[in-house]
Amino acid sequence: MANTQSALKRIRSNARKAKVNTTRTSRVRSSIRAARESLASKDAPQSKAAIMKAVSELDKAAARGVIHANNASRRKGRLMKKLAALEAKK
């Protein structure tokens with residue numbers, strides 16, 4: 001257990017930040033899941049809207065340091081690649 005006041009304060013602030021980061025990560029995962037499900041339904045306009053929402057959530061998470069910027073970029077690229085393949089089929 002921490003002994004100094006600053007260490008105790010750091011524990012409290014880390015707990016608050018972890019809660020916010022967990023919420024943001026959950027929001028990112030949910031939006032990505034929704035985008036993948038819409039891609040599976042083969043509906044291009046609906047898929048594009050869901051992917052744009054997921055891209056926005058990924059950008060916000062990366063900007064706030066919740067996930068690494070390269071991680072966000074990789075996930076966005078994979079979603080866009082699937083969207084392009086869906087639009088090419090139509």
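Please read all numbers here as calculations on a predicted model, not as lab measurements.
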Checklist entry - Listed by chain and number, what are the side chain to side chain donor-acceptor pair (under 3.5 Å) partners of Ser6, not counting sequence neighbours? => result Thr4
Pair up each side-chain donor or acceptor in residues 39-55 with any protein partner under 3.5 Å, not counting sequence neighbours, and list the distances.
{"from": "Ser41", "atom 1": "OG", "to": "Ser38", "atom 2": "O", "distance (Å)": "2.7"}
{"from": "Ser47", "atom 1": "OG", "to": "Ser38", "atom 2": "O", "distance (Å)": "2.8"}
{"from": "Ser47", "atom 1": "OG", "to": "Leu39", "atom 2": "N", "distance (Å)": "3.4"}
{"from": "Ser47", "atom 1": "OG", "to": "Asp43", "atom 2": "O", "distance (Å)": "2.7"}

Checklist entry - side-chain hydrogen bond (donor to acceptor under 3.5 Å, both in side chains): which pairs involve residues 72-81, sequence neighbours left out? => result Asp59-Lys76, Asn71-Arg75
Item to check | side chain to side chain contact (heavy atoms under 4.5 Å, CB included) partners for Ala2, two or more places apart | outcome: Ala7, Leu8, Ile11
Checklist entry - Heavy atoms, side chains only, cut-off 4.5 Å: are Val20 and Val66 in contact? => result no
Checklist entry - What residues, two or more places apart in sequence or in another chain, satisfy side chain to side chain contact (heavy atoms under 4.5 Å, CB included) together with Ala34? => result none
Checklist entry - Which pairs count as side-chain hydrogen bond (donor to acceptor under 3.5 Å, both in side chains) when at least one residue sits in residues 17-30, sequence neighbours excluded? => result Arg24-Glu57
Checklist entry - Any chance CG of Asn3 has more than 12 other-residue heavy atoms, nucleotides or ligands included, within less than 6.0 Å? => result no
Checklist entry - Which is it for Glu87 and Leu83 under the side chain to side chain contact (heavy atoms under 4.5 Å, CB included) test, yes or no, and what are the steps along the way? => result CA-CA 6 Å; Glu87 289 178 341; Leu83 178 63; 4.0 Å; yes
